There are 2 protein chains.
Amino acid sequence: MASETEENYIKAIFKITEKNQGAANTNAIAAHLSTSAASVTDMLKRLSSKDYFHYEKYKGVYLTSKGIEMATQLIRKHRLWEVFLVDKLGFSWDQVHDIAEQLEHVDSDELIIKLDAYLGHPKYDPHGDPIPNAEGKFTLRNQVTLQSLEKNEKGTVVGVRENDTPFLQYLNHFNIKLGTKMQVLSHIDYDHSMKVLVDDTVELLLSHKACSNLFIKKTTL
Amino acid sequence: MASETEENYIKAIFKITEKNQGAANTNAIAAHLSTSAASVTDMLKRLSSKDYFHYEKYKGVYLTSKGIEMATQLIRKHRLWEVFLVDKLGFSWDQVHDIAEQLEHVDSDELIIKLDAYLGHPKYDPHGDPIPNAEGKFTLRNQVTLQSLEKNEKGTVVGVRENDTPFLQYLNHFNIKLGTKMQVLSHIDYDHSMKVLVDDTVELLLSHKACSNLFIKKTTL
DNA sequence: AATGATTTTTAGAGTACCCTAAATATTTAT
DNA sequence: ATAAATATTTAGGGTACTCTAAAAATCATT
Ligand SMILES: [Mn+2]
Ligand SMILES: [Mn+2]
Ligand SMILES: [Mn+2]
Ligand SMILES: [Mn+2]
């Protein structure tokens, strides 16, 4: 069985390669895990016998299918636990990540099977991220950033790009959550901020940063 | 924060001193944690600066109030998770211990507060063991072993002394669980086994070993 | 009180993971 | 193409936890 540390390395490599399209390099892994580059090199060398990834000196690392399988199952567990924490225990979406980081390492196949059933086989987590099924398949969705919508276009919030606490709390403050309706009133050229109509009632001015991090499913009329 | 290993040591010391009335000795701790006596001595020496327990060479170890507090909270977490696994996820009582051993180390006060509320503030776990409340108080109960009942006395199963899988599965096999009604039909002198009437319907012959490990709340007529 | 059995500690060493500082390889800018 | 900047690896070492074998202390028996 893989140690918690090993699991965190594999997951980090998966997330970095997913975002970067290409091998995960040492510094990126170090940053992701808040550790030193030297520790990463050390770990990659020790782990490379275990067939989770291909590692070539100075060229970074990418996962084998065994590594992808492991990362996917960890993400599945992480997101299922987040659903549990929000839907059943009543946490808000900005409070669950760190707890799920711990829960995802609990080792029991039966536990995840039963948890998944108990939650009703959810397809998305509280941040709108897809939950891979037991076979590792993600349910993808048509989504675009709020920023990319044209004037007068409408849609519904279905996810957030980054789920860091400050951003989620910023959204809480404006009462924006998954399912919130959005209509673009105007783009402000000066700073790329946007005027939007929220839930058909409230007019808001949202920054470029916020609009680029909000995922919307367009309403097609 | 205490490491998972440290937590397991403190919990082991608590359980041993609770059972033995007196200091926990090295071999007992080693047996409880499936490790070597040498490792235990080493660990006790390293940990003794942290004020969880008093350690005197060759004389064993006993917890300080800080150590007792920590052990109690771990037991609280363990037992609450067991209730969750049985009541919500549908595990049977012989399947939950190992999973709860992992879950008890997840670190979040808010999580336990919310889990406890979600479960309805249970007082007992699936094995009939009392769950300490947030202040560490156990709800004790009048209970005796089935073995100690006299002929014709009646009662209800409220707990098991040891909750090892084989014993629990043995009880499953006879359909004996918490709440099962028991009436003593006779004590067999030869091997101290007992004839009992289960749930007013089934007659069973139970071994001395089983009867000494079943806790009963007597029905007072 | 002495002897033997048992328990505990010490000695010495190994693995997993982490660090800083220095060396080296790679990339970028001139 | 060379120099400078950046990324990565190596060198050397540290902590937490583990082990076996041997030494020492305690306990039990006579
Ligand atoms: Mn998360
Ligand atoms: Mn999430
Ligand atoms: Mn248990
Ligand atoms: Mn229990």
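This one's a predicted model, so the numbers in the text were calculated from it and none came from an experiment. All chains are named by letter (A, B, ...) in the order of the sequence lines, taking the proteins before the strands, and each is independently numbered beginning at 1.
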The side-chain hydrogen bond (donor to acceptor under 3.5 Å, both in side chains) partners of B:Ser193 (sequence neighbours excluded) come to B:Asp191
Taken in chain and number order and not counting sequence neighbours, the residues that satisfy side-chain hydrogen bond (donor to acceptor under 3.5 Å, both in side chains) with A:Glu7 are A:His105
Partners meeting ring pair (Phe, Tyr, Trp, His ring centres under 6.0 Å) with B:Tyr55 (sequence neighbours left out)
none
Close approaches to DNA chain C from residues 1-11 of chain A, in residue order (heavy atom, under 4.0 Å):
A:Ser3, A:Thr5, A:Tyr9
Contacts of type side chain to side chain contact (heavy atoms under 4.5 Å, CB included), residue B:Ser65, not counting sequence neighbours:
none
What residues form a side chain to side chain contact (heavy atoms under 4.5 Å, CB included) with A:Asp189, not counting sequence neighbours?
none
Below 4.0 angstrom from OP1 or OP2 of C:dA16, is there any side-chain N or O of A:Arg46?
no
Just N and O in the side chain of A:Ser36: are any of them under 4.0 Å from OP1 or OP2 of C:dC18?
no
Could you check which of D:dA16, C:dC18, D:dC19 has an atom nearest any side-chain atom of A:Thr35?
C:dC18
When you measure from the side chain of A:Ala38, which nucleotide among C:dA21, C:dT10, C:dC18 comes out closest?
C:dA21
Could you name each residue pair satisfying salt bridge (Lys or Arg N to Asp or Glu O under 4.0 Å) that touches [range], not counting sequence neighbours?
range	value
residues 26-40 of chain B	none
residues 125-141 of chain B	B:Arg79-B:Asp125
residues 12-29 of chain A	A:Lys19-A:Glu162

Report for the helix from C:dA1-D:dT30 to C:dT30-D:dA1: angle between first-end and last-end helix axes, five pairs each, rounded to 10 degrees.
10°
According to salt bridge (Lys or Arg N to Asp or Glu O under 4.0 Å), who are the partners of B:Arg46, at least two apart in sequence or on a separate chain?
B:Asp42
Between the protein and nucleotides 2-8 of chain D, list every N/O to N/O distance that falls short of 3.5 Å.
unit_1, atom_1, unit_2, atom_2, d
D:dT8, OP2, A:Asn27, N, 2.9

Show your reasoning for whether ring-ring contact (aromatic ring centres under 6.0 Å, His included) applies to A:His97 and A:His127.
CA-CA 10 Å; A:His97 183 77; A:His127 310 104; 7.3 Å; no
